[in-house]
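Report on the structure given below.
All values below come from the heavy atoms of this structure, side chains included, with hydrogens, waters and symmetry mates left out.
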Amino acid sequence: MARVVLWLVAAVLALRQMAHTLRLPPGERLTDLETWTGTNGVLHVRGDLYDREHFTGTPFAGLVLKPLTHSAEQALGVAWTFSTLLFVAVLGVVAARALPGPLSRRSSLVAAPVAISLLMVSLPVRNALTTGQTSIIPVLLVLLGCFAVRGERGSGLLIGIGAALQPTVLLFVPLLWLTGRRRAALSTTATFAAATALAWVFMPHDSWTYWVHHVAGAGLGARPDSLANQSLHGALLRVGLQGPLEIALFLLLAAAVIVLGLSRAVRYARDGQLLLAVALTGCVAVAISPTAWQHQLLWVLLAMVGRAGTRARDRLAWPAVVILVMTLPGDVLLPNMALLDPLRDNVPLLTALMAACLIPFLPRTSEHFRAPLPTAYAESVPARWARIPLAPFWRRVLSRPNLLLELLVIRVGYSAYSHIRLEATAGRETAQAHGRTVVSIERALHIDIEHWANHSIQHAQWLLEFFNFYYETFHFIVPLTILGVLYVRRPVDYRWARSALGFATLLGLVGFWFFPLAPPRLMPGMDFIDTVHGPQDLANPDYGAMTQVTNQYAAMPSLHFGWSLWCGIVIAVVAPKLWMKALGLLHPLFTVCAIIATANHWVLDAVGGAAVVGAGFALVYVLAGPRGVQLPPARWRAHSTRDSRAPAHEWRGG
């Protein structure tokens, strides 16, 4: 059943990608293919293929694509998209069958649909589908040559054609030679030479332009220093290096990457991990190519097959990093900070370099290749109700989660939260109408203190500055500090607290989406003073600088207060000293005063924030059981610090 469901998911993703591509306007659909084969495309125009530098493929690729110019445009678009999806499906099946063994029966059954699904959602495949590029074909030819074709000559023939379409595929020649497949290496070289010579015969001027004038295509297409070029050459240009110095440094780094990367690939190929060796060689090709556009980065996704880490809790870290890098843009993975610009701008390149040169993948001879060190689990404390926990598979892990994976998940989760929050608006009129409804309810309950608090602090400058500073500063610092301390000192409590915070945030997004609400400072005619952002032009629909970066109508529930209440609850529960608990509870008190006095929230917004936080903790309890765990005797002796004579069955919260 699971296999059927996964195949259905893969089919749905393929159909969705095809529909998305074909629904795009003509000017945005299959743009590169249209540039090549359209009415005014470079393959139609007589003269030099590279006159306008729109065509970035090899002369052999141009020769192969020439017959497509006689096809009807609409039919060609449908056929090209369908063929690309078919190539992706075949690529996923071949990659799944090439996984290094031994594999369990369950893994072998689900490997192919999972591989196809990951390929469908990856940025290289989506980009290739949108632009109509041919970059999937060389990857498929290499995998077919290495894993599907019998005989070294046939293998070399396919890889050689791939090299004729994408010259960096020639890096597989030394891999084949050094792993004992010398006939395949010679066949690859001969096929590449024959295909290139054929292009010279039919298109001598174009071949001269590509191989000599542009040095194997360098400089064709978009600017080489653009963020789209994820190669060492592009990275060096982006940091400001130019001229002979940049070329010399690029050649030096490329040589080092080739030597180190190919030596590692050869070692893993001899170890029986040929798919990993192929992926590492492809990552080397990405790094040392003068231009490596997004649609050419499929090799990096294949590198996720490597097994890194001796512990079970670390085993998923590397595949998760690769999947996130290959499916999400850099600004989602890393914050928008100037200090992180070099990392964010080169995330795919850095991942390729890490795969090729740095990540210590386990050899098959390692005792931990098949059986990593197991994760330590503890039994949950019995709940008061028999039906709890509803998710018994949610076991309590005693060790810390993988830090890199945890940071990535938190960052990606916050990026998704910010995006949904920005989109969750039903318009200014609706938000203000909801604001008037909230005011009416508060007046009926006699809790409409916002106007009084907002104007009262205007007479105490020090209090005004304190609340402004508190509102802007502690919203992120305190939760992140608590998570960091729990991660280091109380890993079980860290997982409990992090899960509750995640549920509360998701529930807050539901409130933003279904109940957009204008805060007091953006309610016209109510005489509120925006103490944090300054005066707002309420007659202008796009008033305020913050409108450009966040949804101004995401006031209900107040996660500003909700997150602070989460902090107070966690400190009150976990902190060992009474004064620490009291100090922790001051944070939500100061926060609720700040959000009301600065006219950023209504009193009922704070009530909503408290509700989603309470629901978040309740969901964790219902799904996973009580916070406390029962530690085995050895674990109890290692973790207990209060009473060394405590019985082994006694429970504690973390």
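- One finds the OG atom of Ser83 at 8.0 Å from the CH2 atom of Trp80 (value rounded to the nearest 0.5 Å).
- Taking NZ from Lys581 and CG from Leu586, the interatomic distance works out to 14.5 Å, rounded to the nearest 0.5 Å.
- Residues Val300 and Gln230 are not in side-chain contact: their nearest non-hydrogen atoms beyond the backbone lie 4.5 Å or more apart.
- Side-chain contact between Tyr494 and Val488: absent, with no pair of heavy atoms (C-beta onward) separated by less than 4.5 Å.
- Asn468 places a side-chain N or O within donor-acceptor distance of the main-chain N or O of Thr531, the cut-off being under 3.5 Å.
- Summarising the geometry, atom CG belonging to Leu324 is positioned 5.5 Å from atom CG belonging to Leu328; distances are rounded to the nearest 0.5 Å.
- Side-chain atoms of Trp496 and Val574, non-hydrogen and from C-beta on, do get closer than 4.5 Å to each other.
- The distance from atom CE of Met556 to atom NE2 of His434, rounded to the nearest 0.5 Å, is 10.5 Å.
- Contact of the Met523 side chain with the Arg436 side chain is registered, since non-hydrogen atoms from C-beta on lie closer than 4.5 Å.
- Ring-plane geometry between Tyr417 and Phe512 is classed as tilted, the angle between the planes lying from 30 to 60 degrees on a 0 to 90 degree scale.
- A distance of 11.5 Å separates CG of Leu340 from CG of Leu333, quoted to the nearest 0.5 Å.
- With hydrogens and angles disregarded, no donor-acceptor distance shorter than 3.5 Å links the side chain of Gln461 to the backbone of Gln458.
- A ring-ring contact (aromatic ring centres under 6.0 Å, His included) with Phe590 is found for one member of Tyr470, Phe467, Phe474 and no other, namely Tyr470.
- Residue Met18 comes nearest to Phe82 through the heavy atom pair CE-CB, 4.0 Å, listed as atom of the first residue, atom of the second, then distance.
- With hydrogens and angles ignored, the 3.5 Å screen pairs no side-chain donor or acceptor of Gln133 with any backbone N or O of Leu129.
- In this structure, Ser226 and Trp293 have side chains that are in contact, with non-hydrogen atoms separated by less than 4.5 Å.
- Closest non-hydrogen pair, Val9 versus Ser117, comes out as CG1-OG, 4.1 Å.
- The shortest distance between side-chain heavy atoms of Asn229 and Arg223 does not fall below 4.5 Å.
- Here the CD1 atom belonging to Ile449 is positioned 4.5 Å from the CD1 atom belonging to Ile596, to the nearest 0.5 angstrom.
- For Arg126 and Thr130, the side-chain atoms include no donor-acceptor pair closer than 3.5 Å.
- Across every non-hydrogen atom of Leu298 and Ser122, the tightest pair is CD1-OG, 4.1 Å.
- Between Gln432 and Leu522, the closest heavy-atom pair is NE2-O, 3.6 Å.
- Other residues, nucleotides and ligands place more than 12 heavy atoms under 6.0 Å from the CZ atom of Phe476.
- Side-chain atoms of Trp566 and Pro588, non-hydrogen and from C-beta on, never get closer than 4.5 Å to each other.
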* Under the side-chain contact (heavy atoms from CB on, under 4.5 Å) rule, what do Leu297 and Leu123 come out as? Steps first, then yes or no, please. => CA-CA 8 Å; Leu297 304 181; Leu123 292 174; over 6 Å; no
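- For the residue pair Arg238 and Asn346, a side-chain donor N or O sits within less than 3.5 Å of a side-chain acceptor on the partner.
- Minimum interatomic distance between His455 and Asp527 (heavy atoms only, all atoms of both residues): NE2-O, 2.7 Å.
- Among Asp345, Leu350, Thr351, Leu349, the single residue meeting the side chain to side chain contact (heavy atoms under 4.5 Å, CB included) criterion with Val347 is Thr351.
- Partners of His560 according to the ring-ring contact (aromatic ring centres under 6.0 Å, His included) rule, which considers only residues two or more places apart in sequence or in another chain, are Tyr471, His475.
- Put simply, the side chain of Arg411 gets close to the backbone of Val332: a donor and an acceptor are under 3.5 Å apart.
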Solution key, residues 602-615 side-chain donor-acceptor pairs under 3.5 Å, sequence neighbours excluded:
{"unit_1": "Trp602", "atom_1": "NE1", "unit_2": "Ala518", "atom_2": "O", "d": "2.9"}
{"unit_1": "Asp605", "atom_1": "OD2", "unit_2": "His601", "atom_2": "ND1", "d": "3.2"}
{"unit_1": "Asp605", "atom_1": "OD2", "unit_2": "Trp602", "atom_2": "N", "d": "2.8"}

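- Proximity of Glu450 to Asp448: side-chain heavy atoms (C-beta onward) are separated by under 4.5 Å at one or more points.
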* Start with the C-alpha distance between Glu406 and Arg400, add both sets of side-chain angles, then the distance that settles salt bridge (Lys or Arg N to Asp or Glu O under 4.0 Å), and finish with yes or no. => CA-CA 10 Å; Glu406 199 72 11; Arg400 300 181 186 90; over 6 Å; no
Can you give the donor-acceptor pairs under 3.5 Å from side chains of residues 500-508 to other protein atoms, not counting sequence neighbours?
{"unit_1": "Thr505", "atom_1": "OG1", "unit_2": "Leu501", "atom_2": "O", "d": "2.9"}
{"unit_1": "Thr505", "atom_1": "OG1", "unit_2": "Trp563", "atom_2": "NE1", "d": "3.3"}

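- Taking every heavy atom of both residues into account, Leu486 and Ala497 meet most closely at CD1-CB, 3.8 Å.
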